[in-house]
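Down below is the structure, laid out as structure tokens.
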Amino acid sequence: MSRQTQLTFPDDFWWGSAWSAEQSEGRGETGKAETVWDRWFHEEPHRFYKRIGPSITTDHIHRYHEDIQLMKQTGHNSFRVSISWARMFPNDGVGKPNEKAIAYYRDLFTEMKNNNIKVFANLYHFDMPAKLQDKGGWESREVVDAYVNFADTCFLAFGDLVYHWFTFNEPLGPILGSYLEDFHYPNLIDFKRGAQAAFFTTLAHAKAIQTFKKYQLSSKIGVILNLSPTFPRSQNSADKKAAEIADLFYTRSFLDPMVKGVFPEKLVSLLEEYDQLPVDFNDTDLKIIEENTAQILGLNYYEPRRVKARTSAVNLESPFLPEWFFEPHIMPGRRMNEYRGWEIYEKGIYDLCMDIKNNYGNIESFISENGMGVAHEERFMDENGQVIDDYRIEFIQDHLAYLWKAIQDGCNIKGYHLWTFIDCWSWINAYKNRYGLVSLDLATQKRTIKKSGLFYKELSKQNGFSYDLERLVD
Ligand code: BGP
């Protein structure tokens, strides 16, 4: 028999969602430099689903007035955008700031504020100006300086309107994509260069925070990390070691320096042993990183990481990769979101929050992304064109129940942001998988609130929902 309990979240809980400039805005008329996505799409359009690139996406730049009303109708009291570096500095990411871009973002943020929607502004979401990538991207100190200048310009231009700031979304993403796994421009396979880029990304984060402090704003500044709790296949020591190393590469690599100010010693000695440490770094850099850590932490949680000891020998002539030390474990019986190829494991959100509580000083945190991308959602449309996405409502509820439990157990969690608001452009997957609370007809740009959008409105209004706690099995 199911017994429903009302799960209530802390007062002033942030209910909302997130997206990024490159995935939603479209080019518009403000002027904008070419980004690495424009460049890659131009060079290899066949690598993007149905050859759909970033030029129009969800056309938010022309429709933000309407979109803010949709935020209201779907219960948002907060929303994360990213500010496009290429739009703010259309002269290839440097030079004079773009007055038209400043006017656009000021108008957007003012209107959000006037509608009681807190502005969470992120400064970098995978969208490097292409000409700065030509200068080495995150491998270059010059690019770090250009980024800090961009950040400084944003603090000055929007400091009165932004509720919380973030230096990066998922800094690990571009490192994996650009240097290890071939899913971001410039598609290199070179760990050591990736390590340099990761180091300078961390330095850029710290330098932006250092700059932020001089304005003494009432907002906080932090970072958004994609984190997965790591589980070994078994308690066998080889499996446990494999999990520990995977965790160092994928979880601790950015979490430790960006939140604690220091790199994990075990990771540093492993990279030293394999001659994979970055070449360009000094004591001044390390001090800046140590002294300028995140004040708030966004947790993007999609799936757990399961690993086992390698079952075959490493080809020592192949490029060095983290997978030299482990293999993914395909756990029998796992539940999958087959459209995206990601495991669904709700309890992972609890484990992640407990890790932050126990090992990272219980820093103020929130779930900054969590969500479910589904292909061909038009299958679920009713006669009025509304997507009846009960699966998404269930996904949200099952994750929120574990989040609620984490809060009961003392985790300092301040909010939940879904990925995403209106269906947006998913990088090389373009519009294949839809994540939104609001559906998008790409041909007409018509927006229609999904059933989950109505649920979300009610969730936010009640600051909770009714749930059968028996579903929390482990
Ligand atoms: C996160 C990114 C988002 C978003 C989301 C869904 O990692 O921060 O930008 O895209 O994942 O992933 P995808 O779009 O690849 O399906």
Side-chain angles (χ1 to χ4, degrees), residues 16-26 35-37 40-41 47-50 52-54 57-58 60 79-85 120-128 166-178 180-185 201 222-228 250-251 253-255 258 297-305 336-344 348-349 352 366-377 389 391-392 395-396 399 416-437 439-440 442 452:
S17 64
W19 68 11
S20 78
E22 199 75 352
Q23 295 177 275
S24 61
E25 286 177 351
T35 66
V36 284
W37 295 95
W40 190 20
F41 181 69
R47 294 192 64 180
F48 292 76
Y49 183 72
K50 292 197 173 170
I52 296 174
T57 61
T58 304
H60 179 62
F79 183 62
R80 170 162 59 104
V81 301
S82 73
I83 300 173
S84 163
W85 184 354
F120 286 38
N122 169 36
L123 294 167
Y124 189 84
H125 197 126
F126 310 166
D127 51 349
M128 176 73 71
F166 300 92
T167 55
F168 285 87
N169 173 77
E170 303 192 351
L172 181 66
I175 304 299
L176 294 183
S178 306
L180 310 185
E181 295 178 9
D182 186 28
F183 63 87
H184 273 213
Y185 191 84
T201 303
V223 67
I224 285 158
L225 300 178
N226 48 319
L227 300 173
S228 298
Y250 296 124
T251 304
S253 50
F254 281 103
L255 183 57
M258 288 186 162
L297 178 62
L299 307 167
N300 289 0
Y301 174 69
Y302 287 95
E303 59 164 354
R305 173 168 293 104
M336 293 292 289
N337 170 1
E338 299 291 350
Y339 310 104
R340 189 57 179 84
W342 286 344
E343 182 183 340
I344 301 176
I349 210 168
L352 178 58
F366 70 113
I367 298 301
S368 40
E369 283 183 32
N370 173 233
M372 188 184 189
V374 173
H376 306 299
E377 277 202 316
D389 51 347
Y391 43 87
R392 180 167 291 109
F395 178 99
I396 296 170
H399 282 84
Y416 176 87
H417 280 182
L418 187 77
W419 188 269
T420 187
F421 166 40
I422 305 172
D423 294 339
C424 70
W425 186 74
S426 273
W427 316 111
I428 56 177
N429 282 331
Y431 281 90
K432 175 177 169 288
N433 299 317
R434 305 299 183 105
Y435 285 86
L437 294 167
S439 64
L440 177 78
L442 196 51
S452 59

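Excluded from the calculations below are hydrogen atoms, water molecules and symmetry mates; all remaining heavy atoms, backbone and side chain alike, are included. For clarity, every value in this text was computed on a predicted model and none was experimentally measured. Read the numbers this way: they start at 1 and go in the same order the structure lists the ligands and their atoms.
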Distance flag, aromatic centroids of Y416 and H399, threshold under 6.0 Å: no

W342 touching ligand 1 at heavy-atom level, < 4.0 angstrom: yes

N169 near ligand 1 by a heavy-atom separation under 4.0 Å: yes

For atom 1 (C) of ligand 1, closest protein heavy-atom neighbour: E369 OE1, 3.1 Å

Parallel, tilted or perpendicular: ring planes of W342 versus Y302, cut at 30 and 60 degrees: tilted

W19/W419 aromatic ring centres below 6.0 Å: no

Shortest protein contact, atom 15 (O) of ligand 1 (heavy atom only): R340 NH2, 2.8 Å

Atom 14 (O) of ligand 1: nearest protein contact (heavy atom, Å): S426 OG, 2.6 Å

Structural part of W427 in contact with ligand 1, heavy atom criterion under 4.0 angstrom: side chain

Aromatic ring proximity W37/F126, centre distance under 6.0 Å: no

Minimum-distance protein heavy atom relative to atom 16 (O) of ligand 1: Y435 OH, 2.5 Å

Closest approach of any protein heavy atom to atom 5 (C) of ligand 1, naming residue and atom: Y302 OH, 3.4 Å

Sub-4.0 Å atoms of ligand 1 with respect to non-hydrogen atoms of H125: 2 (C), 3 (C), 8 (O), 9 (O)

Distance, nearest 0.5 Å, that separates CD of E25 from OG1 of T58: 10.5 Å

Centroid-centroid under 6.0 Å between Y391 and Y339 rings: no

CZ on R434 to CG on D389, rounded to 0.5 Å: 12.5 Å

